[in-house]
J.: 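I am attaching a structure below and will ask some questions about it afterwards.
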Protein chains: 2
Amino acid sequence: MAATLADVAARAGVSSATVSRVLNGNYPVAEATRRRVTEALRELNYVVNGPARALAAATSEVLGVLVNDVSDPFFGVLASGIQREAAEADLLTMICHTAGSADDELRYMELLLRQRARAIVVTGGGPEDGGHRRRTADLVRQSVARGTRVVFCGREAPPDSEAASVVFDNHGGAAALTRLLLAAGHRRIAYLTGPPHHTTSSARVAGARQALTEAGIDPDSCLWIRSGFSRAAGLEAGRELVRAAVDCTAVVAGNDLTASGVIASLRACGVRVPEDVSVAGFDDLPVAVDVVPELTTVRLPLRSGAVTAGRIATGTERTAPGVVVRMPAELRSRESVAAPGGGLSGAVGLPRER
Amino acid sequence: MAATLADVAARAGVSSATVSRVLNGNYPVAEATRRRVTEALRELNYVVNGPARALAAATSEVLGVLVNDVSDPFFGVLASGIQREAAEADLLTMICHTAGSADDELRYMELLLRQRARAIVVTGGGPEDGGHRRRTADLVRQSVARGTRVVFCGREAPPDSEAASVVFDNHGGAAALTRLLLAAGHRRIAYLTGPPHHTTSSARVAGARQALTEAGIDPDSCLWIRSGFSRAAGLEAGRELVRAAVDCTAVVAGNDLTASGVIASLRACGVRVPEDVSVAGFDDLPVAVDVVPELTTVRLPLRSGAVTAGRIATGTERTAPGVVVRMPAELRSRESVAAPGGGLSGAVGLPRER
DNA sequence: TTGTACGCGTTATCAT
DNA sequence: ATGATAACGCGTACAA
């Protein structure tokens, strides 16, 4: 039913090789023939058969991007940055949503590998579990062996793998943020840690603990509360903090999304930010300046990290195998952090305000 | 370098046909041979060559989803619903971000077509431009001819196409919402229309205008302001409304995201919602109940619409060609709409509050 | 139950 | 400049 190269060739009275040449423009073709072929192409509504091309040329035009959550703006920024580079290199970006599941991550990597994708970019942090790491390393090895470039953007590639990585300074950023809070006078801080056993969460927690320790404060005198990275997680955590009338003057959320949730639920409970309690985020996504009050947070150069990852993936930028590109983090001090106020436990019970 | 069927066959001492049979399990294979083959498969780290398989079998395991914006939760809900069904049918979902560009939409459709994707689901509204419609119709025709099913989820398929559609009652929902506002006593309403020349925007505007007309109110006595569907668009529109001290008692945003932006910027300007001005949204995304005050909006059954679209796309649910499945809209009356207050122009200039 | 052999639609290498 | 033709790796009638 669908027209093939041969059909087009017959119609134009040439060989299929000539049609292929017209299509790819990599060999000289007489102007007259080219026109006849182009005509036939149009008349028959010819559409390249990708699989056949990929089989013959041993390469495809697909670049796969793995994201934890398609509807999280963190990944939106990453995905669109990568995509821009891919488009630049005439590659089709396909985004695969792993829902944070380690299994799905592996499944999608394998499926992209099957498709002989030109490259795979794995974004965001990942499970710290050794088994997963090992299986990932295996897949990376196979990918590279088959010519599929693999780039990690947001965590380090498994050790000894050929894959490049672009990583953000979660550790340093978290430490700087904590230092800012300490400098403002906060001592009783509640940390929402993000999902457990996750590279990003762990790095941020470690950074914060280090800053505390260096300031001579026992990290365990602070509160460490598990949460997700979603806005809903922040809402819930905020409500829980209020319910338990937790004794703290500052809340450090795992990221901006969570922070926005915390602020919303604190406000709903009549707790003022930053007068009663300071709140901080991480990432510096657009939401950080949408929120009232504007969020003190840590800026990660997500866009440029994504572009770098994209350039390595497309081959636009050539790097040594296993290279690790480190992107800096930068403090963004805004309104949501101020000097310690009455604290959460003091504010709770006040009349609800609007 | 990469092991092929033949390599595995040699290793296992069988023919490549047998290996293929073991792989696909569609023909009987002796238990002993199966084990030998499985072993060889493992030893050689065999990975199916997708393109080759797609070429031979004339079909692939890919389902493509086109979305306007990967980081918009509206599409997140749609994409994940479709993906669930795809996974159920052992298909790999690939999400393509068109950034709302009509050209990109066509490009991605074509690329998926090239890949001989099993199905393509085009989500969200689209350009109303006739040229785009025609070109889309062409692509749909070609897709269907090549065995790639096409489903639209959020707009109707081009006329006379074989493609199925799942549509949401934007028109009815918008009308119901406007009636609610009218019943509450509002007469001076500012509508943020969403992106121009876009099917979703138009349907919502048309519904609102109809409800106004039916109530004996001249639609042109209301304000119709172009905006986007993003939160940023809402922020900007809100600021603009305040700056111009627009004379209205209610703002109807194009969707929930925009509404949340409007609320944020109104609050930042000291305008109280709903005491001074009522605000309404559309879609009933999770953000609708996150916002303070909770948003009065129109619930669209996005999840179940996505599932339906997914089932049609995977072939799980068989439907007549060109079928249009209509999903209802349902009013969700919450806190953000109340009786008319002082209005925007009245509130502006009041001391900024926190 | 298993093997042989051909076709799927392209690209790329030789000739011409 | 153009045409034959051999891969590319897999699925599947058909034969055994």
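The structure displayed is predicted, hence computed values, not measured ones. Below, chains carry the letters A, B, ... as their sequence lines are ordered, and counting in each starts from 1.
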J.: Just to verify, what does A:R134 make a side-chain contact (heavy atoms from CB on, under 4.5 Å) with, not counting sequence neighbours?
T.: none
J.: Taking all non-hydrogen atoms of both residues, which atom of B:A40 and which atom of B:A12 are closest, and how far apart?
T.: CB-CB, 3.9 Å
J.: Do any of residues 21-35 of chain B sit with a heavy atom less than 4.0 Å from DNA chain C, and if so which?
T.: B:R21, B:P28, B:V29, B:A30, B:T33
J.: Which atom pairs, one a donor and one an acceptor, fall under 3.5 Å between side chains of residues 86-99 of chain B and the rest of the protein, sequence neighbours left out?
T.:
from, atom 1, to, atom 2, distance (Å)
B:H97, ND1, B:V70, N, 3.0
B:T98, OG1, B:V67, O, 3.1
B:T98, OG1, B:G100, N, 3.3

J.: Between which nucleotides of DNA chain C, read 5' to 3', does contact with chain B run, using atoms under 4.0 Å from its heavy atoms?
T.: C:dT1 to C:dG9
J.: Can you list everything that forms a side chain to side chain donor-acceptor pair (under 3.5 Å) with B:D103? Sequence neighbours excluded, please.
T.: none
J.: For A:V19, run the side chain to side chain contact (heavy atoms under 4.5 Å, CB included) check against A:T38, A:L5, A:T33, A:T4 and tell me which one passes.
T.: A:L5
J.: Is there side-chain contact between A:V37 and A:V29, with at least one heavy-atom pair below 4.5 Å?
T.: no
J.: Check for a donor-acceptor pair, side chain of B:R155 on one end and backbone N or O of B:G124 on the other, with a separation under 3.5 Å.
T.: yes
J.: Bend across the helix from C:dT1-D:dA16 to C:dT16-D:dA1, to 10°, with axes taken over 5 pairs at each end?
T.: 30°
J.: Pairs of donor and acceptor atoms involving the side chains of residues 113-122 of chain A, under 3.5 Å and at least two apart or interchain, shall be tabulated with distances.
T.:
from, atom 1, to, atom 2, distance (Å)
A:Q115, NE2, B:E61, OE2, 3.4
A:R116, NH1, A:L113, O, 3.2
A:R116, NH1, B:V48, O, 3.3
A:R118, NE, A:T59, OG1, 2.9
A:R118, NE, A:S60, O, 2.9
A:R118, NH2, A:S60, O, 3.3

J.: For residues A:L302 and A:F75, determine if any side-chain heavy atom of one lies less than 4.5 Å from a side-chain heavy atom of the other.
T.: no
J.: Between A:R53 and A:N24, is a side-chain hydrogen bond (donor to acceptor under 3.5 Å, both in side chains) present by the stated rule, with each step listed?
T.: CA-CA 11 Å; A:R53 171 177 278 180; A:N24 299 303; 3.3 Å; yes
J.: So B:S20, base contact, sugar-phosphate only, or nothing? Heavy-atom distance under 4.0 Å.
T.: base
J.: List in numerical order all residues of residues 46-55 of chain A for which some heavy atom is under 4.0 Å away from an atom belonging to DNA chain D.
T.: A:L55
J.: Going by salt bridge (Lys or Arg N to Asp or Glu O under 4.0 Å), name the residues that satisfy it together with A:R133, two or more places apart in sequence or in a different chain.
T.: none
J.: Among residues at least two apart in sequence or on other chains, which ones pass salt bridge (Lys or Arg N to Asp or Glu O under 4.0 Å) with A:E43?
T.: A:R11
J.: I want to confirm an ordering. Mapping B:A57 and B:A17 to their closest nucleotides on DNA chain C, which one lands closer to the 5' end?
T.: B:A17
J.: Please set out all donor-acceptor pairs under 3.5 angstrom arising from side-chain atoms of residues 157-166 of chain B, sequence neighbours excluded.
T.:
from, atom 1, to, atom 2, distance (Å)
B:S161, OG, B:P158, O, 2.9
B:S161, OG, B:A163, N, 3.3
B:S165, OG, B:A157, N, 3.0

J.: Considering only heavy atoms of chain B and a distance under 4.0 Å, specify the first and last nucleotide of DNA chain D in 5' to 3' order that meet this criterion.
T.: D:dG9 to D:dA13
J.: Can you tell me if A:T148 uses its side chain to pair, donor with acceptor, with the backbone of A:V144 under 3.5 Å?
T.: no
J.: Give the minimum heavy-atom separation between B:R149 and B:I312, together with the two atoms involved.
T.: CD-O, 3.3 Å
